[in-house]
Amino acid sequence: MRIAVAAAEGGGGALRPLADDGAPAGPAETVGDLAAAIAERERAAGPRWVWPATARLYPRLLEAGVRVARCHDLELVESLLLGHQGRYGEPRSVRAAWARLRGEPVPADPPPPQEAPPQGSLFDTSSDAAFDASFEASFGEEGPGAGGRPVAEGPGRGLHSAAGELERIVAVHAEQLRRVAELPGFALLAAAESAGSLVAAEMGHDGLPWSAERQDELLTELLGPRPTGGMRPRKLQALADRINAAFGLRTPVNPDSPAQIMKAFAAVGLPVTSTRAHVLKRVDHPAVPLLLEYKELSRLHTAHGWTWADTWVRGGRFRPEYVVGGVVSGRWATNGGGALQIPRVLRRAVVADPGWSLVVADAAQLEPRVLAALAGDRAFAAAAAEGDLYAALSEAFRGTASDGATARDQAKIALLSAMYGGGTGEAVRLLAVLKSRFPQAFEYVEAAARAGERGALVRSRLGRTCPPPSAGWRRLTSEGDEPGGDGDGAGASGEPGGGASRQVTAAQALRSRGRFTRNFVVQATAADWALALLAALRRRLAELGRPRLVFFQHDEVVVHAPAELADQVREAVHASAEEAGRLLFGRTPVVFPMEVAVVDCYADAK
DNA sequence: AGATCAGGCGCC
DNA sequence: AAAGGGCGCCTGATCT
């Protein structure tokens, strides 16, 4: 059972029940209180809700205390379907999908809601009705393709027009179901992506437990007391002073300026090509260790310091905005707050409420296990049936170790090189071992790389598809080995970006694209798996009641739960990981073990 | 003054 | 210990 939903301004909306093939199963109905109507039907029938975008509608429901079990996010699914055809960046709104369906001119997506401050009247400006009203304000009722006549009824949108949108929603949904059914894995992908959108909104709503006090203590310990005005914290200023003393130059250098640092090194007779940490580490000068320490602390201060806390932490919670499908591989991105780049040292500030625990779970060696399951290489899969995959592979690499490295280290290097397209120095030798002992696993990623180099698309297990190469890339790589233009083809995924040299050769462009598609099949399938895990875990946690998913970072989840439920959450995590493996790969010897820690503080996990 | 680019580094 | 791909966000420098 499904129910299509269109929101109106003012909290009302329109609903229509659908059969599982998307056909209307009853009359449309308008309601004055959409949240209440959804809550009532969720209790009665537990339908799959079909709506344009969870990100715009669901936060309002959560504010009203309403949660739902399942949904179909039309925009996310439209993106996946377009992507499967190699059509990246085309409009994905319901109106656009509707226009494509009818062979009419396709309107551009309306711009995203202006600014989304971390707190404030967020939900009014980002609600679905406002989104649609903004569409009409921008383009007129029929969209830009129809000449954009003026909007008669002003910026708002009432129940009448919600009913009109409902008609488009029903039609677009039915068409999506038809297309999804033709693509293996896609039904699961659409469901998992939609479940992810629910998790993302709920995590943004619930927030990650965060102690601003602990953060302040940590910052004070590392940087000195919080400075006033725009001053540098005491310890940072002291380092800057010592850096200048070490250079001993007449004109002072600002350690935040790479250009000035490079000049300073040149002035003392030690020119450097850049001021990256790994470059500086090779330079023997007393300023180097000071600069490295300065960079580390400065980053903490500017990216996750007191200003960050003022902006993002409220009421003991950090509430980032997650962007489902924000990365082409299916990983999530975030919008503000840098939730996926929180420095490890700051995990000290993530603390469970009194009487509650954090269940921190991370998938061990996820990407090589995914490769094992994808490739169907029996010897390799046997290793991936073990708790420590690299250790299980190490027999094959015995005797390859130089210096102090173990065979396990060598196995890990070989695997990472295969999955990421590295291969300098000894990695080449280790790759040869991998190729001879695990030919199918090796061939799987090689085939993905070759596909990329000839401009083909590659897909994840469930069908998520990489973006096509740009026109610039095609032009460059079809012209032979002539040096290319001025970065004209750069920008799209898997193409050489800026960097020191603007000149990109055809060979470089080919290799870069090959590395991208080689990595894509593994990273995107790992993201498939992680989404399936998340969906399964969310369902199990709902049965337990109070536990909440509060953090998700690629292959790691954190659940905030009453302490007495922590063991049940732990079991739910293990069961969900197993379920995810089964959903993606069916019967496979490969296991996807989770390392789970029950802690009061995130920093105490592993 | 505001927008954009480049360099750099945090996370997986 | 690192390598690779993927991101977001900061500052300084430069452009408009």
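Looking at Arg234(A), its side chain never comes within 3.5 Å of a backbone N or O of Pro225(A) through a donor-acceptor pair. Checked by atom type and distance alone, the side chain of Thr517(A) pairs as donor or acceptor with a backbone atom of Ala448(A) at under 3.5 Å.
With the nearest nucleotide of DNA chain C identified for both His278(A) and Thr334(A), His278(A) has the one nearer the 5' end.
Ala259(A) comes within 4.0 angstrom of nothing in the nucleic acid, heavy atoms only. Residue Gly337(A) is classed as a sugar-phosphate contact, given heavy-atom separations below 4.0 Å to backbone atoms only. Across all strands shown, Gln523(A) has heavy atoms under 4.0 Å from base atoms, whether or not it also approaches the sugar-phosphate.
The side chain of Gln260(A) lies closest to dA13(C) when the candidates are dA13(C), dG8(B), dC12(B). Considering only side-chain atoms of Tyr420(A), the nucleotide from dG6(C), dG4(C), dG8(C) that sits closest is dG4(C). The nucleotide whose nearest atom lies closest to any side-chain atom of Arg347(A) is, among dC12(B), dG6(C), dG8(B), dC12(B). Side-chain atoms of Pro258(A) lie closest to dG8(B) of the nucleotides dA3(C), dG8(B), dC7(C). In the set dA3(C), dG12(C), dG8(B), dG12(C) carries the atom at the smallest distance from any side-chain atom of Asp256(A).
In this structure, the CZ atom of Phe520(A) is 22 Å from the P atom of dC12(B), given to the nearest Å. Protein atom CE of Met262(A) is 13 Å distant from nucleotide atom P of dA13(C), rounded to whole Å. What separates CE of Met419(A) from P of dG6(C) is a distance of 15 Å, to the nearest Å. One interatomic measurement links the two molecules: CG of Asp362(A) to C1' of dC11(B), which rounds to 13 Å at whole-angstrom precision. For Asn254(A) and dG7(B), the CG to P distance is 17 Å, given to the nearest whole Å. What separates CG of Leu236(A) from P of dC10(C) is a distance of 16 Å, to the nearest Å. We find that CG of Leu346(A) is positioned 12 Å from C1' of dC11(B), with the value rounded to whole Å. Rounded to whole angstrom, the span from the CG atom of Asn519(A) across to the P atom of dA3(C) amounts to 15 Å.
In this structure, CG on Leu297(A) lies 6.5 Å from CG on Leu239(A), to the nearest 0.5 angstrom. Atom CG of Leu584(A) and atom CZ of Arg461(A) lie 7.0 Å apart (nearest 0.5 Å).
At a cut-off of 3.5 angstrom, the base of dC11(B) holds no donor-acceptor pair with the side chain of Arg344(A).
Annotation: Trp308(A) is in aromatic contact with Phe318(A) [ring centroid separation under 6.0 Å]. When ring centroids are compared, Phe442(A) and Phe380(A) stay outside the 6.0 Å threshold.
For the residue pair Tyr294(A) / Arg232(A), a side-chain donor-acceptor distance below 3.5 Å is found, with atom types taken as modelled.
Put simply, the side chain of Gln523(A) reaches to within 4.5 Å of the side chain of Arg331(A), judged on heavy atoms.
Residue Arg331(A) has no polar side-chain atom (N or O) positioned under 4.0 Å from OP1 or OP2 of dC7(C). Between Ser329(A) and dC7(C) there is no side-chain polar atom (N or O) within less than 4.0 angstrom of OP1 or OP2. Residue Thr275(A) places at least one side-chain N or O closer than 4.0 Å to OP1 or OP2 of dG8(B).
Listed by residue number, Arg299(A), Thr302(A) are the residues of residues 284-308 of chain A with a heavy-atom contact under 4.0 Å to DNA chain C.
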